[in-house]
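Please read the structure below before turning to the comments.
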Amino acid sequence: MTDVTGLTVGVLGGTGPQGKGLALRWARAGIGVVIGSRSAERAEAAAAALREDAGVEGIRGLDNAGCAEAADVVLVAVPWDGHGELLEALRDQLVGKIVIDCVNPLGFDKQGPFALPVDEGSAAQQAEKLLPESRVTAAFHHVSAVHLVDLSIAEMDTDVLVLGDDREATDQVRALADAIPGMRGVYGGRLRNAHQVEALTANLIAINRRYKAHAGIRVTDV
């Protein structure tokens, strides 16, 4: 498996629940983390709280541009409505870097969550279009933010589907999943198949609401 020792992971949207939770788990696994936010002060405040929670020093906070510049691999964990604008603004800082898109374009109405149409096909494909010189992957869509931040849960009982067209990049993202105890990265196909992975999040939210759970996924016979 690909070695991720020594990598620095930037988390755009690291002040939100999903980004914060993954940052916390990676830091606990000994991986350097940079939290990104529109405000450097807000990012550093979030990083300081995570340093205390994780009991490690390997987390720092910068504005989004500084985060993208400082990281080797960048996780995009921002709300869908700001996704395109942010990535377009960071195109230069993300040249040549592995970008992990975990954004789920979802809507909510009286009937519950549903997948939103995306002109490019998916959030990940929009990222690929906006970042032609980056190595775009899609992963970490179905990981419970509640479980990530709960350090009484020692192991994350879930698989992570990793999609992309660059084999080396998807292997590295799979290794980042494997670095978190209990989690496993599983190759899930080409980036063009990201839509159904993003959309499945709506089903998981519906499951969680019905059964009062924090459901993830497991792939059998692999």
Of all heavy-atom pairs linking Ala115 and Ala202, the shortest is N-CB, 4.4 Å

Min side-chain heavy-atom separation Leu75-Cys102 under 4.5 Å: yes

Report the residue from Val9, Asp72, Thr8, Thr5 that forms a side chain to side chain contact (heavy atoms under 4.5 Å, CB included) with Ile31. Val9

For side-chain contact (heavy atoms from CB on, under 4.5 Å), just list the numbers for Arg135 and Glu168, CA-CA rounded to whole Å, side-chain angles, deciding distance to a tenth of an Å, and then say yes or no. CA-CA 10 Å; Arg135 305 163 69 190; Glu168 184 182 2; 3.4 Å; yes

Do other residues, nucleotides or ligands put more than 12 heavy atoms under 6.0 Å from the CD atom of Gln196? yes

Decide whether Val149 and Leu204 are clustered together by the hydrophobic rule: side chain heavy atoms of Ile, Leu, Val, Met, Phe, Trp, Tyr closer than 4.5 Å, transitively. no

Is it true that, when you exclude Tyr211 itself, more than 12 heavy atoms of the residues, nucleotides or ligands shown sit nearer than 6.0 Å to its OH? no

Quick one: CZ on Arg190 to CG on Leu163, what's the gap to the nearest 0.5 Å? 11.0 Å

Is it true that Leu94 and Leu7 fall in one hydrophobic cluster, defined by side-chain heavy atoms closer than 4.5 Å? no

Using every non-hydrogen atom in the two residues, find where Arg209 and Gly112 come nearest and quote the distance to one decimal. NH1-CA, 3.9 Å

Side chains of Arg25 and Met183: does their closest heavy-atom pair fall under 4.5 Å? no

Looking at Lys97 and Ala71, would you say the former's side chain and the latter's main chain have a donor-acceptor pair under 3.5 Å? yes

What distance do His195 atom NE2 and Ser122 atom OG have between them, rounded to the nearest 0.5 Å? 8.5 Å

Contact check, side chains of Asp150 and Leu148, non-hydrogen atoms, under 4.5 Å: no

Can you confirm whether more than 12 heavy atoms, excluding those of Arg167, are under 6.0 Å from its CZ atom? no

Do Leu24 and Asp53 have side-chain heavy atoms sitting under 4.5 Å apart? yes

Worked verdict on Arg91 versus Glu133 for salt bridge (Lys or Arg N to Asp or Glu O under 4.0 Å): CA-CA 8 Å; Arg91 181 179 293 144; Glu133 296 183 72; over 6 Å; no

Less than 4.5 Å apart, any side-chain heavy atom of Val136 and any of Asp165? no

Step by step, work out the side-chain contact (heavy atoms from CB on, under 4.5 Å) result for Val76 and His83. CA-CA 8 Å; Val76 183; His83 179 265; 4.0 Å; yes

Which heavy-atom pair separates Ile98 from Ala169 by the least distance, and what is that distance? CD1-CA, 3.7 Å

Matching residue for Ile35 among Leu12, Asn64, Thr15 - test: side chain to side chain contact (heavy atoms under 4.5 Å, CB included): Thr15

For the CG atom of Asn193 and the CD atom of Gln125, what is their distance to the nearest 0.5 Å? 8.5 Å

Any chain of hydrophobic side-chain contacts (each under 4.5 Å) joining Leu176 to Ile59? yes

Cluster overlap Ile207 with Leu200, hydrophobic side-chain contacts below 4.5 Å: yes

Over all heavy atoms of both residues, which pair between Ala215 and Asn208 is shortest? Give the atoms and the distance, please. N-OD1, 2.6 Å

Main-chain N/O of Ser37 paired to Asp63 side chain as donor or acceptor, under 3.5 Å: no

Cluster question for you: counting only ILVMFWY and a side-chain heavy-atom cut-off of under 4.5 Å, with indirect links fine, are Phe140 and Val103 together? no

Do Val143 and Gln18 come within less than 4.5 Å of each other through their side chains, counting heavy atoms only? yes

Under 3.5 Å, is there a donor-acceptor pair between the side chain of Glu198 and the main chain of Ala123? yes

Does the pair Tyr187 and Val162 meet the rule for a side-chain contact (heavy atoms from CB on, under 4.5 Å), with working shown? CA-CA 5 Å; Tyr187 175 69; Val162 180; 5.6 Å; no

Could you measure the distance from the CD atom of Glu120 to the CG atom of Leu191? Nearest 0.5 Å is fine. 11.5 Å

Taking atom types as modelled, is there a side-chain donor on His141 or Asp101 under 3.5 Å from an acceptor on the other? no

Quick one: CG on Asn104 to CG on Leu116, what's the gap to the nearest 0.5 Å? 10.5 Å

Looking at Asp109, I want to see if its CG is surrounded by more than 12 non-hydrogen atoms of other residues, nucleotides or ligands under 6.0 Å. yes

Could you tell me if the side chain of Leu106 sits less than 4.5 Å from the side chain of Thr201, heavy atoms only? yes

Leu151 and Arg28: side-chain contact (heavy atoms from CB on, under 4.5 Å), yes or no, with the steps? CA-CA 10 Å; Leu151 293 179; Arg28 295 268 291 188; 4.1 Å; yes

All heavy atoms of Ala138 vs all of Ala124, minimum pair found to be CB-CB, 3.8 Å

Neighbour count >12 (heavy atoms, 6.0 Å) for atom CZ, Arg192: no

Looking at Glu69 and Gln93, would you say the former's side chain and the latter's main chain have a donor-acceptor pair under 3.5 Å? no

Look up atom CG in Leu130 and atom CG in Leu87, then write down how far apart they are to the nearest 0.5 Å. 6.0 Å

Counting only heavy atoms not in Arg42, do more than 12 fall under 6.0 Å of its CZ? no

Of all heavy-atom pairs between Ala27 and Val33, which one has the smallest distance, and what is that distance? N-CG2, 4.0 Å

In the structure I gave you, are the side-chain heavy atoms of Gln172 and Val73 within less than 4.5 Å of one another anywhere? yes

As a test of understanding, state which of Arg184, His147, Arg218 forms a side-chain hydrogen bond (donor to acceptor under 3.5 Å, both in side chains) with Asp157. Arg218

